[in-house]
Protein chains: 2
Amino acid sequence: MAVTIKDIAQLANVSIATVSRVLNNSKPVRPELRDKVMRVVEETGFQPNAIARSLVNKETRIIGVMIPDISNNFYSNLLYGVDSVISEYDYSMFLAISDETVEKELKYLRLFKEKQIDGVILASIHFLEGNIHSLHEMQVPMVVTGHDLHGYQIPTVNVNNVQASYDATAYLISQGHRRIACVSGPLWDPPCGLDRMGGYRKAMRAHGLPIPEGFVAEGDFTPKSGYEAVKRIFEEKERPTAIFVATDLMAVGVLNYLHDEGIRVPDDVSVMGFDNLEIASLTRPMLSTVHNDPYMYGRAAGEQLLKQLRNEPIERMSTVPHDLVIRQSVKAVL
Amino acid sequence: MAVTIKDIAQLANVSIATVSRVLNNSKPVRPELRDKVMRVVEETGFQPNAIARSLVNKETRIIGVMIPDISNNFYSNLLYGVDSVISEYDYSMFLAISDETVEKELKYLRLFKEKQIDGVILASIHFLEGNIHSLHEMQVPMVVTGHDLHGYQIPTVNVNNVQASYDATAYLISQGHRRIACVSGPLWDPPCGLDRMGGYRKAMRAHGLPIPEGFVAEGDFTPKSGYEAVKRIFEEKERPTAIFVATDLMAVGVLNYLHDEGIRVPDDVSVMGFDNLEIASLTRPMLSTVHNDPYMYGRAAGEQLLKQLRNEPIERMSTVPHDLVIRQSVKAVL
DNA sequence: GTGAAAGCGCTAACAC
DNA sequence: GTGTTAGCGCTTTCAC
């Protein structure tokens with residue numbers, strides 16, 4: 001049986017109220033009593049029961065974080081960012097892994113409420129469109145990242161995917177490329193699918209460049225899907241001189257296809273990635289890409305959430321900055 | 001204000017005990033009452049308060065997982081393994097990231113107790129040797145992974161690092177290599193440092209092969225440290241024909257050094273990794289390595305913990321199997 | 001400054 | 001089968 005405040009009170013010959021007061025510094029206590037209590041606390045190795053405390057305080061100091069897939073480096077670094085800010089304020093993390101299923105997302109949302117979590121961070125959730133009401137019903141401070149959620153009063157944290165992809169494509173164009181293909185993310189993931197492809201299209205249009213049929217292929221985040229996508233592109237009659245790939249992971253697949261086909265990067269074709277995962281600097285040639293730091297997403301999301309918890313004003317929509325990382329996989333052409 | 005059992009009871013004209021009974025199916029309730037209660041529950045969107053429940057049940061259905069570094073793919077996959085087994089039994093995860101500091105480890109250990117966590121999984125903790133008593137004091141079901149902890153009554157989950165490294169080295173020898181170097185993990189991490197290097201040494205000795213001065217270099221897990229370590233080895237007079245690298249991440253650094261120096265793999269030198277991270281199949285050439293699945297670690301640890309929670313008998317020390325994954329980075333020599 | 005007592009939301013005897 | 005009640009470990013009025 002664990003030691004309780006009651007035990008401490010008896011051993012120290014004071015009331016449990018007094019013990020509580022010295023433990024929380026909530027009210028002045030006569031020094032001698034305070035010392036006596038502290039001594040007993042030391043001796044017994046007493047640890048307050050946070051559950052009981054939460055029941056009365058209505059605060060758990062736990063925040064729930066939901067991510068679709070933890071084996072994905074992007075999300076684990078996002079977690080790292082969240083943790084780095086919340087742990088500083090003595091909040092801890094309840095981790096919910098949804099495995100990309102709406103069912104689990106909804107289950108964890110319910111669990112968050114039941115466990116009386118103080119706040120929630122939702123990354124790249126699927127169940128939106130049709131279940132947003134679940135979010136509003138929550139009545140729990142919350143921030144979502146990886147979705148735009150325009151028109152809802154829920155704070156979001158995101159990069160400007162359209163602009164970043166535009167910048168990446170424009171860079172390719174500035175290096176003299178004109179026939180530029182695109183391996184996009186899956187269309188069911190708006191940020192990596194629609195938005196990033198949108199930025200690419202926008203840049204091409206703005207520079208008066210055509211997008212031939214077969215120059216755009218869709219992947220599903222895995223390296224393998226990048227491999228397959230670029231294969232489809234290269235089996236067309238017309239070949240690009242550069243490829244913009246919507247995620248680094250798929251870009252690795254693209255690099256591998258090119259390698260396996262004996263097509264040299266960047267001499268024969270240039271490749272531009274997106275995300276700047278650790279792996280981008282580990283490939284040979286090293287991948288030029290868009291820096292999109294999940295750690296910063298996490299920090300930003302954590303900060304927005306903490307602000308809510310302190311009732312400070314927050315932006316409904318914060319944008320985390322991006323920039324281009326130029327390495328070896330893009331070459332200028334004449 | 002959230003809806004409580006008391007509210008439900010009033011609205012349904014029953015006692016709170018009855019509501020509790022239908023919610024938990026803990027005792028038979030007359031169907032009409034049960035229906036009435038359920039209807040009110042639906043209408044109000046009632047969610048039970050898990051905190052209050054935990055206070056009386058003395059069970060939180062939360063298990064604490066402590067890892068040193070979540071940006072490391074190894075640990076995030078371990079988490080995935082843990083989650084995959086515990087979530088099936090309706091346990092959820094409280095995540096503690098220690099950032100490799102003993103201070104935070106101890107802090108989270110305390111927090112685990114305060115939050116009345118039901119069980120604890122500790123991965124690659126640092127504070128052992130001098131603080132093991134903290135673990136015993138815990139009086140909480142627990143399993144540790146990434147440490148051997150011989151002589152203590154704490155269940156562990158591990159690969160046999162010595163044997164696995166032995167096997168990897170023996171494989172290199174079976175391919176005709178005789179001059180084999182080793183890039184080991186840091187010595188402060190016994191499993192990846194001492195044990196893996198130990199397996200290498202043992203295999204060399206068993207086959208009567210010498211280990212020349214300068215054939216062993218220590219890295220610290222990062223690709224960069226692998227790069228530097230193998231550089232030191234290759235700057236010696238005598239060159240190896242094969243290298244056993246204690247972790248894949250460092251092996252990527254090794255591969256990159258070799259690439260940058262124009263030394264071909266596997267034609268000029270063979271490289272054998274350890275871990276079988278995703279990246280091992282993404283490098284060119286693809287890395288031959290030891291399969292050491294953190295996901296399985298996680299699953300095994302989770303299973304051992306669940307057994308304890310059910311008071312089932314457990315093994316004090318469970319070994320997760322390893323095997324060799326042969327890809328392209330090793331070549332047979334005559 | 002200190003203690004007695006109420007109550008947080010729930011479960012589990014215990015009576016009926 | 002159902003309701004009443006004690007109590008989980010804590011914080012916080014409210015008296016003194």
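In what follows, chains are A, B, ... by sequence order, proteins preceding strands, each numbered from 1. All heavy atoms count here, side chains included; hydrogens, waters and symmetry mates do not.
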Going by atom types only, do A:Tyr80 and B:Asp99 share a side-chain donor-acceptor pair under 3.5 Å? yes

Can you tell me how far P of C:dT11 sits from CZ of B:Arg53, to the nearest Å? 5 Å

Going by atom types only, do A:Tyr295 and B:Ser71 share a side-chain donor-acceptor pair under 3.5 Å? no

Residue B:Val56, side-chain heavy atoms: nucleotide from D:dG9, D:dT11, C:dT11 that is nearest: C:dT11

Rounded distance in Å - CD1 (A:Ile5) to P (D:dC8): 14 Å

Does the side chain of A:Ile154 reach to within under 4.5 Å of the side chain of A:Leu135, using non-hydrogen atoms? yes

At under 4.0 Å, does any side-chain N or O of A:Asn24 touch on OP1 or OP2 of D:dT11? yes

Bend angle of the helix from C:dG1-D:dC16 to C:dC16-D:dG1, end axes from five pairs each (to 10°): 50°

If I take atom CD in residue A:Glu114 and atom P in nucleotide C:dT11, what distance separates them, rounded to the nearest angstrom? 11 Å

Can you measure B:Gln47 atom CD to C:dC10 atom P for me and round it to whole angstrom units? 11 Å

Atom-pair distance (CD on A:Gln116; C1' on D:dC10), nearest Å: 16 Å

Answer with yes or no whether the side chains of B:Tyr297 and B:Asn292 bring together a donor and an acceptor at under 3.5 Å. yes

Measure CZ/A:Phe46 against P/D:dG9 and give the value in whole Å, please. 10 Å

Please report the distance, rounded to the nearest Å, between CG in B:Leu55 and C1' in D:dT11. 13 Å

Hey, what's the ring geometry for A:Tyr152 with A:His136, parallel, tilted or perpendicular (30° and 60° as the breaks)? tilted

Contact under 4.0 Å: A:Lys58 side-chain N or O vs C:dG9 OP1/OP2: yes

Lys/Arg N to Asp/Glu carboxylate O, B:Arg299 vs B:Glu303, below 4.0 Å: yes

So do the side chains of A:Leu122 and A:Met142 get within less than 4.5 Å of each other, counting heavy atoms only? yes

Identify the pairs formed between an N or O of the protein and an N or O of nucleotides 1-5 of chain D at a distance under 3.5 Å, and give each distance.
| from | atom 1 | to | atom 2 | distance (Å) |
| --- | --- | --- | --- | --- |
| D:dT2 | OP1 | B:Arg30 | NE | 2.7 |
| D:dT2 | OP1 | B:Arg30 | NH2 | 3.0 |
| D:dT2 | OP2 | B:Arg30 | N | 2.5 |
| D:dG3 | OP2 | B:Ser15 | N | 3.0 |
| D:dG3 | OP2 | B:Ser15 | OG | 3.2 |
| D:dG3 | OP2 | B:Thr18 | OG1 | 2.6 |
| D:dG3 | N7 | B:Arg21 | NH2 | 2.6 |
| D:dG3 | O6 | B:Arg21 | NH1 | 3.2 |

To the nearest angstrom, how far is A:Lys6 atom NZ from D:dA6 atom C1'? 12 Å

Flag the pair A:Phe221 / A:Asp189 as yes when at least one side-chain heavy-atom distance between them is below 4.5 Å, and no otherwise. yes

Separation between CD1 (B:Ile314) and NZ (B:Lys307), nearest 0.5 Å, reads 8.5 Å

When we call it a touch if two heavy atoms are under 4.0 Å apart, what does B:Thr4 touch: a base, just sugar-phosphate, or nothing? sugar-phosphate

